[in-house]
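Input: a single structure, listed below in structure tokens.
Below, all heavy atoms of this structure are taken into account, side chains as well, without hydrogens, waters or symmetry copies. Just so you know, these numbers come straight off a predicted model, no measurement behind them. Residue numbers start from 1 in every chain, and the chains themselves are labelled A, B, ... in the order their sequence lines are given, proteins ahead of strands.
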2 protein chains.
Amino acid sequence: MPVSRRERPAKAALSREAVIAVALRIMRDEGLEKVTMRRLASELDTGPASLYVYVTNTAELHGALLDELLSGLEAPAAGIAWRGGVVALLSQYTRMLFAHPSLARSVLTLRPSGPNYLRFVDSLLGLLLAGGVAARSAAWGVDLLLQLATATAAEQGTRDRSADAEGEVYLQAMAVREAAAAEYPSIDRVRDELFSGTGEERYRFAFDALLDGIAAAR
Amino acid sequence: MPVSRRERPAKAALSREAVIAVALRIMRDEGLEKVTMRRLASELDTGPASLYVYVTNTAELHGALLDELLSGLEAPAAGIAWRGGVVALLSQYTRMLFAHPSLARSVLTLRPSGPNYLRFVDSLLGLLLAGGVAARSAAWGVDLLLQLATATAAEQGTRDRSADAEGEVYLQAMAVREAAAAEYPSIDRVRDELFSGTGEERYRFAFDALLDGIAAAR
DNA sequence: ACCTGAACACCGTTCAAGT
DNA sequence: ACCTGAACACCGTTCAAGT
């Protein structure tokens, strides 16, 4: 059976969408570390230089990946209390980035501007304003809440927690546990609390503290 | 005049101190990006493999650099109010990292455990406890305050603010300014506030909000 | 026993030269 | 005009083989 060119295209046409789709797949399957220009190019049967027709650089590509992930966020239930809505939205965002800690690290130095990011910010702002938070506190506070969520994911995210990183955690724990009481009296006083709580409990503490502070800001 | 071997040593002896000293100099003069194992090795007249006798890896080296910078921190005045002391200490830390944003990015995923870092944490804890903050809130809050300071420096630091990064800031500003009122009603409501304030003002807002939240935590 | 040359396995980005 | 091969200028880390 003869196969015409039409029926078996040698390769998919290059496009921004194709680049991002392949990048998303690699990120989900192997982590952002593997999403390199060279890897992308080889999966798309071209050279790395060709990608620069569709993306500005690696940072911009990461921004596009964030916006794709953000498209899966669910709006909080319509009648939900403002504070519950903020927690629900930020929890989704944090959970999403927890699965992609190196994207979180990248996002921390990005100024995202995609439509889904704007929608996300708009929702958060809406909830804060509905909760009676002053306009300026809401505007500045949104930045802060997002920074906290992103930094937490970057710090604690699990996908690529390397042996090195585990070693550092261990070393710090040892250093804190063994810090001499005479030299570090305050560490000594709260030593146990420095290690107490689950990740979830500390995360709730952090968001509650920050949200309280923002809401109370004059 | 003959010169004996004693008087003109061909090269300085390799040691952890020597590695860190060279790394510090390069970081101050050219930024952390230039502090690579290869560059370090070539300045020390050896091959990169030799450095691994003195440092575990790049992350551990960055931790050592942080601890060196931290040695320059000044303790707050003895009689200062606890809150002023926290602000004074954290301001120094933030200012220091502002000059080394890529170190800040690295620190965000580090678990520092050097003596100067422990001393810094101990001082912050002492101030919070002196302010009547509950032990658990103080312990968990210190992490949070440090995360905020570090993330802020990583995000906003100025040394290597690249043309790319500037472009992203511009793109986001454009996206926010042009976000359609119908589609993004809350952004529309606080549009001006999203851009208001100096870096200094926002930084004070952030620390005040977080500190208030931590101090009020039950 | 200690140290390191050389290799392994990669990077992002640019630009001259093709079609 | 659009696209890309090849090059530029690098990386961190390992390990076999030297001294």
Counterpart residues, salt bridge (charged side-chain N to carboxylate O under 4.0 Å, His left out), relative to [X] (two or more places apart):
X	result
A:Arg189	none
A:Arg38	none
B:Glu193	none
B:Arg95	none

*If a pair satisfies salt bridge (Lys or Arg N to Asp or Glu O under 4.0 Å) and one of its residues is in residues 196-208 of chain B, list it, with sequence neighbours excluded.*
A:Asp143-B:Arg202, B:Arg83-B:Asp208, B:Arg204-B:Asp208

_Would you measure the distance from the C1' atom in D:dC15 across to the matching atom in C:dC2 and give it in whole Å?_
14 Å

*Between D:dA9 and C:dC8, how far apart are the P atoms? Round to whole Å, please.*
23 Å

Going by ring-ring contact (aromatic ring centres under 6.0 Å, His included), name the residues that satisfy it together with [X], two or more places apart in sequence or in a different chain.
X	result
A:Phe207	A:Tyr203
A:Tyr54	none
A:Tyr184	none

*Using Watson-Crick pairs (N1 to N3, plus N6-O4 or O6-N4) and G-U wobble pairs, both distances under 3.5 Å, which stems of at least 3 pairs involve DNA chain D?*
C:4-8 with D:12-16, C:12-16 with D:4-8

Expressed as a whole number of angstroms, how long is the span from [X]:[atom1] to [N]:[atom2]?
X	N	atom1	atom2	value
B:Leu44	C:dG5	CG	P	13 Å
B:Leu51	D:dT13	CG	P	11 Å
A:Asp45	D:dC3	CG	P	16 Å

_Looking at D:dC3, I'd like to know if its phosphate oxygens (OP1 or OP2) sit under 4.0 Å from a side-chain N or O belonging to A:Thr46._
no

Sequence neighbours left out, cut at 3.5 Å: what donor-acceptor pairs do the side chains of residues 67-74 of chain A make with other protein atoms?
| from | atom 1 | to | atom 2 | distance (Å) |
| --- | --- | --- | --- | --- |
| A:Asp67 | OD1 | A:Asn116 | N | 3.4 |
| A:Asp67 | OD1 | A:Tyr117 | N | 2.9 |
| A:Asp67 | OD2 | A:Asn116 | N | 3.1 |
| A:Asp67 | OD2 | A:Asn116 | ND2 | 3.2 |
| A:Ser71 | OG | A:Glu68 | O | 2.6 |

Provide a list of protein-nucleic acid N or O atom pairs under 3.5 angstrom, restricted to nucleotides 9-11 of chain C.
| from | atom 1 | to | atom 2 | distance (Å) |
| --- | --- | --- | --- | --- |
| C:dC11 | OP1 | A:Thr36 | OG1 | 3.1 |
| C:dC11 | N4 | A:Arg38 | NH2 | 3.3 |

*Could you run down nucleotides 14-19 of chain D 5' to 3' and tag each one B, S or - for protein heavy-atom contact under 4.0 Å?*
BB----

*Could you walk me through whether A:Thr94 and A:Leu148 pass the side chain to side chain contact (heavy atoms under 4.5 Å, CB included) test, one step at a time?*
CA-CA 9 Å; A:Thr94 307; A:Leu148 180 71; over 6 Å; no

*Can you name the nearest heavy-atom pair linking B:Ala64 to B:Ile20, along with the distance?*
CB-CD1, 3.7 Å

